[in-house]
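Data block below; observations after.
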Amino acid sequence: GAGVAVVLTDLDWRIGDGLCERLNVHLRFFVGTGATNNEAEYSGALWALTVAREETRRFESFYDCEAHVQLVVQGDSKLIIQQLKGNYTCKSPK
């Protein structure tokens with residue numbers, strides 16, 4: 001089976017010049033026994049982006065403000081990183 005680990009580090013949100021919140025998130029999940037390595041990599045990337053979005057929404061709601069987010073995505077899968085950059089296209093309908 002395939003598993004994925006996602007680490008979101010130094011999620012900083014600021015209001016004005018002050019740091020409001022810093023969050024480090026370490027997540028692991030099992031994709032499934034029938035998943036390919038590429039499917040696991042895609043699942044991890046999508047999951048990380050979803051968690052970052054949800055945490056930003058939580059912050060905005062709590063502080064009643066609009067957050068400005070800079071997201072840096074790093075990974076060891078050339079396929080995923082190049083697709084996120086727009087250098088590769090995906091041919092699979094999945």
Side-chain angles (χ1 to χ4, degrees):
V4 174
V6 173
V7 179
L8 303 175
T9 60
D10 296 335
L11 299 175
D12 293 349
W13 292 281
R14 299 179 184 275
I15 295 177
D17 292 332
L19 176 66
C20 290
E21 186 172 347
R22 172 167 279 168
L23 179 68
N24 292 310
V25 180
H26 300 264
L27 307 166
R28 294 175 191 265
F29 72 97
F30 182 67
V31 177
T33 56
T36 66
N37 286 343
N38 284 347
E39 289 170 335
E41 294 281 351
Y42 283 117
S43 295
L46 289 173
W47 194 34
L49 294 172
T50 299
V51 169
R53 181 188 64 208
E54 293 304 316
E55 288 300 318
T56 299
R57 286 181 179 164
R58 182 183 64 81
F59 172 85
E60 290 175 329
S61 175
F62 184 80
Y63 289 105
D64 192 27
C65 68
E66 181 179 337
H68 301 279
V69 178
Q70 178 181 354
L71 186 63
V72 177
V73 178
Q74 297 177 321
D76 63 355
S77 171
K78 181 178 180 180
L79 175 66
I80 303 299
I81 298 301
Q82 292 302 315
Q83 285 181 337
L84 287 173
K85 287 181 168 184
N87 296 331
Y88 289 1
T89 59
C90 182
K91 296 177 184 177
S92 173
K94 288 186 180 180

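Note: hydrogens, waters and symmetry copies are ignored here, and every other heavy atom, side chains too, is used. Worth saying up front: this structure is predicted, and the values here are computed from it rather than measured.
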Side chain of Glu39, backbone of Thr36: donor and acceptor closer than 3.5 Å? yes
Taking only residues two or more places apart in sequence, or in another chain, which ones meet Arg57 in a side-chain hydrogen bond (donor to acceptor under 3.5 Å, both in side chains)? Glu54
Atom pairs and distances, side-chain donor-acceptor, residues 77-86, under 3.5 Å, sequence neighbours left out:
residue	atom	partner	partner atom	Å
Ser77	OG	Ile80	N	3.3
Gln82	OE1	Asn87	ND2	2.7
Gln83	OE1	Tyr42	OH	2.3
Gln83	NE2	Tyr42	OH	3.1
Gln83	NE2	Thr89	O	3.4

